[in-house]
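Reading through the structure tokens given below for one structure.
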Amino acid sequence: MDDDVVLSAPLFAAIDPEAAQALFVSMKPLRLPRGHAVFHEGEPGDRLYVIGSGKVKLGRRSTDGRENLLSVLGPGEMFGELSLFDPGPRTATASAVADATLYELSHAELIGWLERYPAVAKHLLEALARRLRRTNEALADLVFADVPGRVAKALLDLSTRFGEPAEDGLRVAHDLTQEELAQLVGASRETVNKALADFASRGWVRREGRAIVLLDRDRLERRAR
Ligand code: CMP
């Protein structure tokens with residue numbers, strides 16, 4: 001069931017179970033099939049979403065049509081809150097890379113919730129700070145790290161969300177196309193492919209369609225540094 005996953009989101013942290021359940025029940029579930037967007041960059045936004053199942057990518061498009069992925073989020077994670085804390089248009093397009101179930105909460109309801117349970121704001125701030133940390137790191141990597149280093153880092157980051165133990169390593173079913181993986185790393189598809197092929201030939205990873213099995217995390221971690 002999605003309940004436990006959604007209730008693990010920062011929105012519900014440190015709240016008594018009854019109140020948390022009451023908020024969860026008031027949230028509207030929404031099915032988002034793979035490839036469909038829940039909102040687009042630039043649109044006005046008045047609600048946020050918690051992911052119950054599936055995967056959601058947050059992407060931005062340049063004026064000449066190129067795409068960049070800010071993040072790929074999974075169950076228990078939240079998005080769509082920036083346009084509340086800093087009123088303005090959506091800063092990214094959110095679309096499903098794997099069939100997803102989302103739980104929707106209006107910004108107005110969130111404000112009421114924060115007024116009733118101010119402690120929740122601390123957990124939301126923590127989540128925002130973590131995101132800023134990660135974004136800073138990605139920004140520095142774009143400037144200082146080479147593409148294989150960024151690929152190694154992206155795989156490790158995806159593994160913290162989507163990794164599942166397999167016989168010979170950690171299987172990361174990221175569901176991203178090669179193009180999307182390249183957009184996440186901020187490099188061309190060819191360069192990212194070359195890095196992956198190199199990792200595979202060294203025995204660090206095994207490629208399985210839209211999943212990658214991490215066979216040697218230590219080497220990947222060293223390469224990501
Ligand atoms: P909002 O701007 O309302 O809509 C797009 C959402 O994408 C945004 O809220 C955040 O929830 C999310 N988002 C924006 N930038 C990042 C980022 N760098 N990392 C992760 N999520 C982000």
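The figures that follow rest on heavy atoms only: side chains count, while hydrogens, waters and symmetry mates do not. Indexing begins at 1, ligand by ligand and atom by atom, following the structure's order.
Here the protein heavy atom with the shortest distance to atom 18 (N) of ligand 1 is Thr135 OG1, 3.1 Å. Among protein heavy atoms, atom 15 (N) of ligand 1 sits closest to Leu70 CD1, 3.4 Å. Distance from atom 6 (C) of ligand 1 to its nearest protein heavy atom, with residue and atom name: Gly80 N, 3.8 Å. Of all protein heavy atoms, the one closest to atom 19 (N) of ligand 1 is Arg131 CG, 3.5 Å.
Residue Leu58 has no nitrogen or oxygen atom sitting less than 3.5 Å from a nitrogen or oxygen atom of ligand 1, judged on distance alone. Note: no N/O pair closer than 3.5 Å links Ser71 and ligand 1 by distance alone.
A heavy-atom distance below 4.5 Å is found between the side chains of Glu180 and Lys57.
At a heavy-atom distance under 4.0 Å, atoms from both the backbone and the side chain of Leu82 approach ligand 1. For Thr91, heavy-atom contacts with ligand 1 shorter than 4.0 Å involve the backbone as well as the side chain. With a 4.0 Å heavy-atom cut-off, ligand 1 is reached by the backbone of Glu81 and by its side chain too.
With salt bridges taken as basic N to acidic carboxylate O contacts below 4.0 Å, none links Glu109 and Arg47. Between Arg223 and Asp146, at least one side-chain nitrogen of the basic residue sits less than 4.0 Å from a carboxylate oxygen of the acidic one, meeting the salt-bridge criterion. Between Glu126 and Lys122 a salt bridge is recorded (basic side-chain N to carboxylate O distance below 4.0 Å). Contact check on Arg90 versus Glu43 returns no salt bridge, with no Lys/Arg side-chain nitrogen under 4.0 Å from an Asp/Glu carboxylate oxygen. The pair Arg34-Asp99 does not count as a salt bridge, with every side-chain nitrogen at least 4.0 angstrom from each carboxylate oxygen.
The distance from ligand 1 to the heavy atoms of Ser83 drops below 4.0 Å at these ligand atoms: 1 (P), 2 (O), 3 (O). Within ligand 1, counting atoms from 1 as listed, the ones closer than 4.0 Å to a heavy atom of Phe39 are 4 (O), 5 (C). If you number the atoms of ligand 1 from 1 as listed, the ones under 4.0 Å from a heavy atom of Phe79 come out as 11 (O).
Hydrophobic cluster membership differs between Val50 and Phe79, with clusters built from Ile, Leu, Val, Met, Phe, Trp and Tyr side chains linked at under 4.5 angstrom.
Residue-ligand proximity: Ala92 is placed with a non-hydrogen atom under 4.0 Å from ligand 1. Put simply, no part of Gly45 is less than 4.0 Å from ligand 1, judged by heavy atoms.
Ring pair Tyr49/Tyr103: centre-to-centre distance not below 6.0 Å.
For Gly76 against Ser8, the heavy-atom pair with the smallest separation is CA-OG, 4.2 Å.
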